[in-house]
Structure formats: C-alpha cells, structure tokens
Amino acid sequence: MVTRNDVARLAGTSPAVVSYVINNGPKPVSEAARKRVLAAVEQLGYRPNAVARSLRSRRTWTIGLIASDSTGGKSPFFGQFTRACEEVAWQRGYSVLLGNSAEDPERAEGYVRRFMERRVDGLVLMRVPVSAERAAELRGVPVVTIDHEAPAHFSRLAVDDEEGGYQATRHLIAHGHRRIGYVAGPLDVTPVGLRADGWRRALHEAGAQADADLGALVAEGELSLEGGYDTALRLLSRPERPTALFASTDDQAIGAMRAAADLGLRVPDDVAVAGFDGAREAAYTVPGLTTISQPIDEMARHATETLVGAIEEAAEPVTKIFSASLVTRGSCGCPEPHLIR
C-alpha cells in the first residue's frame, strides 16, 4: 500500500508538506512543491485514508440531504435541486447522502437521526419539517432549510412564493380573467399556502369582495400530475367554472391542461393555465406552459455554499429570499415561443 511517506520521498518533501497539499492546509505550500506532490500522488496512485482524514479533521466530508420527494416524481423542483446541490458538494470535496421522506414526518425525523448517527457534517432539509425537540438536538449542527419555516439556529432559503402567486394571477387578470381557480396542493404546506396568499391578494385587488367568494375557486389535491388532473376536473366541472387556472406547481398545471382537454376545453381559448416552479418540462407542453420560474440552480448552489461555510468557517445562520420571475408561453394566451434552435 502506497503511503504518505512514499509520496514525500518521490516529491522530495516532508510528509507534512504532502498532508498540507492534500488537505489544502493548514499551512501554505509553494506552487513548485505543490506540483511535485500532486505529480507524485498521480504517479504512485496514492489514495488518502478517508477514516484517518476524518479523525484528523473531525469531519466526514458528507452532507445529508433530505427531501419530501427526492425522486422528482411529484415535482421536478426536487430532482433539479438535488442534482445541482450534489454537483456543488462534489466540487467542494463533499459526498451527499440522500433521503426521501415521502412527505412522512416520522420518516423525515428517522432520516435526520440516521444521518446524525453517521456523523454527517451538515444537513439540507427540502420542505421537510422537524419537531421542536429534534431541532433542539441539532443545535450546533449546520442545517439549511429550503422552503420551510426554521428555528433561528438554522439557515433558511426560500423563494418569494407569495409574490410569485401574485404575479401569476395578475398576469391572468391582465388577459381579462376574473374567475381564476387555484389548483392547490395541501394548503398547510408552506409554499402552497403562500402562493394562495398571492393569488388571493391579486383577486381582491381586481374586485373580489371576500374570501368566501373565492372558496368555490380553490380545490386541494396532491402535488403531482395526477393531483393536478383530479383537482382541475373538480374545478372545471363546477356550474360556474373558472375561465383560468393557477396551479401551485408546474406538474399540477400540466395535469390541469390534460383535464381541460378531456372535458373538451381548449387551452387557452376556453381556459387559461399558469403554473409555478419553472420546470424544464413546461417549455415542452402544447401549448407551452406559462409559469413562475424559481432560480432552482442558484438556490441549490447558495444552499450548499452556505452549508459548507457553516461547516468549515462556523459561519452564522442566514436567511435569504429569492425572487421568482414570470415566464410567458401559450397556455395563458401569450404568443408561443419557438423551441427550434
């Protein structure tokens, strides 16, 4: 087995210098010595002992990422976020352990417990609530939450869901719609509820008299293609059906478009549709789906960098709210952009 001493002999340096190069410190190394060490590492095929490295640094160089749907099966947001997070972690020298809570709070807490038993260096929680007791146990552990309320000792990143819901609804109002239904996920899920607040605010500004008037325009369902289909069927089958639909996710919006087609309604002529997330799939529906686009890759990069900063530099917890942007396509009645490149 090749050792650090073997690398040092070939590079003409001390074993300590080899350690400084491999671990990026704690002491500086000249560029010439660094190149000799790296060349010797390559020539000898040296691989540092990960266990020994962890004991020295008191880190495992792993991050635990727990999502309410890590597969992206219920929302493309999760899959895209997870991929971007893993890429940044890899670049920073960390591996990612992935857990899918399947929207089950007990399963989520089980993953938190198991990841901490494996001594991960920090956690990213994507729309995953933790109990007050568990949060107290995590004091001193770097944690970043995504799209969920968090205690003061966690960092929190989120998109401005309320403003996004408002933008989408205002855009549908600008197309002349007043009966705009909300294809909702469970309203007790933080982003879904906040997007409902934006939808409600826009309709109030447009003349809706009371929340009771809007009750007939809301239907809750699963955060999935199937959930959007079933929920839209209910809304569009009501005696005074909506002339437009705003869905809390793009998957639900795509399901709603299929529901409209099965009822013999044309999008956008008979019913306009807008979603939320900015999923890549939204550009490939017919017509293309108008959506509120989240900066998913930017959020994932920021989450991972924030966590690494807390791990390596004991950086203080931060809260950052990202802006979302309206992307118009044919589903709302806007001109349809061409995808041919």
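We're numbering straight along the sequence, starting at 1.
- Taking Glu305 as the reference, Arg92 meet the salt bridge (Lys or Arg N to Asp or Glu O under 4.0 Å) condition, with sequence neighbours excluded.
- One side chain, Asp250 or Thr291, offers a donor N or O that lies under 3.5 Å from an acceptor on the other.
- Checked against side chain to side chain contact (heavy atoms under 4.5 Å, CB included), Ala158 has the following partners two or more places apart in sequence or in another chain: Asp147, Arg156, Ile321.
- Ser248 and Gln252 share a side-chain donor-acceptor pair at under 3.5 Å.
- For Glu109, the salt bridge (Lys or Arg N to Asp or Glu O under 4.0 Å) partners at least two apart in sequence or on another chain are Arg134.
- At a threshold of 4.5 Å between side-chain heavy atoms, the hydrophobic network of Ile, Leu, Val, Met, Phe, Trp and Tyr places Leu138 and Val318 in two separate groups.
- Under the 4.5 Å side-chain contact rule for hydrophobic residues, Ile173 and Ile292 share a cluster.
- For Arg238 (side chain) and Ala216 (main-chain N/O), a donor-acceptor pair under 3.5 Å exists by modelled atom type.
- The aromatic rings of His175 and His171 stand perpendicular to each other, their planes meeting at an angle above 60°, with 30° marking the opposite boundary.
- Taking a 6.0 Å sphere around CZ of Arg234, one finds it holds more than 12 heavy atoms contributed by other residues, nucleotides or ligands.
- Side chains of Asp6 and Thr3: a donor on one and an acceptor on the other come within 3.5 Å.
- Connection of Leu245 to Val327 is not established within any shared hydrophobic cluster, with ILVMFWY side chains joined at heavy-atom distances below 4.5 Å, either directly or through further cluster members.
- Ionic pairing of Arg266 and Asp269 is present here: one or more N-O contacts between side-chain nitrogen and carboxylate oxygen are shorter than 4.0 angstrom.
- Remark: Arg258 CZ is loosely packed, at most 12 non-hydrogen atoms of other residues, nucleotides or ligands lying under 6.0 Å away.
- Of the possible polar contacts, none joining the His177 side chain to the Thr169 backbone as a donor-acceptor pair under 3.5 Å is found.
- Each of Gln167, Arg200, Arg201, Arg195 was compared with Glu162 under the side-chain hydrogen bond (donor to acceptor under 3.5 Å, both in side chains) criterion, and only Arg201 meets it.
- Hydrophobic clustering (side-chain heavy atoms under 4.5 Å, transitive across Ile, Leu, Val, Met, Phe, Trp, Tyr) keeps Leu194 apart from Leu172.
- Side-chain contact of Asp262 with Tyr229: a donor-acceptor pair under 3.5 Å is present, judged by distance alone.
- The aromatic rings of Trp61 and Tyr94 are tilted relative to each other, their planes meeting at an angle between 30° and 60°.
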